[in-house]
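Heads up, the thing below is written out as structure tokens.
Indexing begins at 1, ligand by ligand and atom by atom, following the structure's order.
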Amino acid sequence: MSQLIVKTEKLNFSYSKSKKDIDSLDLEVPKGSIYGFLGPNGSGKTTTIRLLLGLLNKNSGNVKVFEKPFADHRIDTLSKIGALIENPSLYNHLSAKQNLRIASTYRANINKDRIDEVLETVNLLHVKNKKVKTFSLGMKQRLGLAIALLSKPELLILDEPTNGLDPKGIIEMRELIKKLNKEGITIFISSHLLSEIEKTCTHVGIIREGKMLFQDTVKALTASQSDRLQIELETDDKYRTYDQLIKMGFETKKIAHEEHLLMVSVKEKSQIPVLVDSLRKNNIGIYQVTIKNNLEELFLNLTEN
Ligand SMILES: Nc1ncnc2c1ncn2[C@@H]1O[C@H](COP(=O)(O)OP(=O)(O)OP(=O)(O)O)[C@@H](O)[C@H]1O
Ligand SMILES: [Mg+2]
């Protein structure tokens with residue numbers, strides 16, 4: 001088994017006596033991975049990250065980072081971690097470069113060239129002298145990442161780095177994360193969007209109400225769902241379509257409050273043309289056939305109820 005950069009055992013934490021916010025969490029982040037920490041709002045992602053960084057004190061359990069107990073090697077460990085939690089705190093009236101200069105004074109052994117290096121990495125070198133207040137959200141987020149990269153971290157912890165970004169900003173951040181990972185940095189990234197995790201990550205942990213529901217490779221997660229495919233079908237007659245598909249033996253559900261939509265479960269893609277042909281033979285007009293993301297379904301199954 002590969003080396004684990006982060007390992008927690010039965011990690012527990014509560015903000016108040018009334019509920020467990022992190023509940024016996026076993027987290028395993030392999031070296032070299034892009035680990036996606038996935039969960040709905042309020043599931044405990046940021047709290048877990050704060051516990052990993054020692055910004056909150058656990059109630060019980062173990063946290064090992066770089067194979068050493070965090071509590072005993074705090075300073076050494078933190079010097080090897082770059083973190084971006086929620087929105088970065090930046091000085092808006094100063095330039096990107098000035099922000100990095102200030103950040104570098106809080107860190108040991110950062111030479112002058114490193115500032116230009118990280119600006120180049122996050123593609124902000126050409127605007128290094130512009131004031132941060134003129135930056136887009138995506139540029140600010142990338143500057144936050146540049147700050148996290150200053151000390152050449154081995155582990156990068158990013159809390160919802162694409163939150164609030166437009167599609168272009170999201171793609172830029174995604175590409176950047178992949179590039180940094182190729183350069184050898186292990187990346188722990190939280191998100192409430194499965195599609196984000198699926199596109200970027202090698203590993204996934206799904207959390208709900210402070211409990212880990214699933215943890216494995218993204219491949220394993222996909223494979224665990226691959227025996228069934230969910231199809232969303234839009235036709236001109238939902239009820240006749242439903243009757244026809246049931247007659248053919250397909251597991252079919254009408255989508256409530258949708259005039260034309262049905263969900264159909266098929267075993268493999270080759271069943272789709274069979275289904276379409278039979279509907280056409282019955283003069284049912286087909287507007288749309290969409291293969292629904294299986295992971296999305298699983299995520300909903302795991303996180304609802
Ligand atoms: N400072 C705090 N004091 C008390 N309760 C808190 C505090 N911060 C978070 N919580 C509670 O802890 C639980 C986990 O919150 P957390 O912020 O870790 O979730 P999250 O997964 O990061 O959510 P989001 O996707 O909204 O960022 C929630 O029930 C939240 O209300
Ligand atoms: Mg959060």
Near Tyr15 OH, under 6.0 Å, is it more than 12 heavy atoms from other residues, nucleotides or ligands? yes
Of the side chain and backbone of Lys45, name the one, both, or neither that has a heavy atom under 4.0 Å from an atom of ligand 1. both
Any protein heavy atom lying closer than 4.0 Å to atom 5 (N) of ligand 1? yes
What protein heavy atom sits nearest atom 26 (O) of ligand 1, and how far off is it? Asn41 ND2, 3.2 Å
Could you tell me if Asp21 and Ser14 have a donor-acceptor pair between their side chains, going purely by distance under 3.5 Å? no
As a test of the contact definition, would atom 11 (C) of ligand 1 count as having a protein heavy-atom neighbour under 4.0 Å? yes
Could you tell me, atom by atom, which parts of ligand 1 come under 4.0 Å of a heavy atom of Thr46? 17 (O), 18 (O), 20 (P), 22 (O), 27 (O)
Under 3.5 Å between some N or O of ligand 1 and some N or O of Ser43? yes
Modelled atom types, side-chain donor and acceptor of Ser278 and Gln244, under 3.5 Å: yes
For the Mg ion (ligand 2), does an N/O/S atom of Thr47 lie at less than 2.8 Å? no
Give yes if a backbone or side-chain nitrogen or oxygen of Gly42 is under 3.5 Å from a nitrogen or oxygen of ligand 1, and no if not. yes
Between Asp76 and Arg74, does any NZ, NE, NH1 or NH2 come within less than 4.0 Å of an OD or OE carboxylate oxygen? no
Taking atom types as modelled and ignoring hydrogens, do the side chains of Tyr35 and Gln215 form a donor-acceptor contact shorter than 3.5 angstrom? yes
Using distance alone, determine whether Lys19 and ligand 1 share an N or O pair under 3.5 Å. yes
So which heavy atom in the protein is nearest atom 19 (O) of ligand 1, and how far is it from that ligand atom? Gly44 N, 3.2 Å
Hey, which atoms in ligand 1 end up nearer than 4.0 Å to a heavy atom of Pro40? 21 (O)
Between Arg142 and Glu172, is there a side-chain N and carboxylate O pair less than 4.0 Å apart? yes
Just wondering, do Thr8 and Lys64 contact through their side chains at under 4.5 Å, heavy atoms? no
Thr47: numbered ligand 1 atoms lying under 4.0 Å from its heavy atoms: 14 (C), 15 (O), 16 (P), 18 (O)
Closest to atom 3 (N) of ligand 1 among protein heavy atoms sits Tyr15 CD2, 3.5 Å
Should the heavy atoms of other residues, nucleotides or ligands under 6.0 Å from NZ of Lys152 be counted, would the total exceed 12? no
Examine ligand 1 and decide if any of its atoms is less than 4.0 Å from a heavy atom belonging to Arg50. no
Face-on cation placement of Lys140 at Phe135 ring, 6.0 Å and 45° thresholds: no
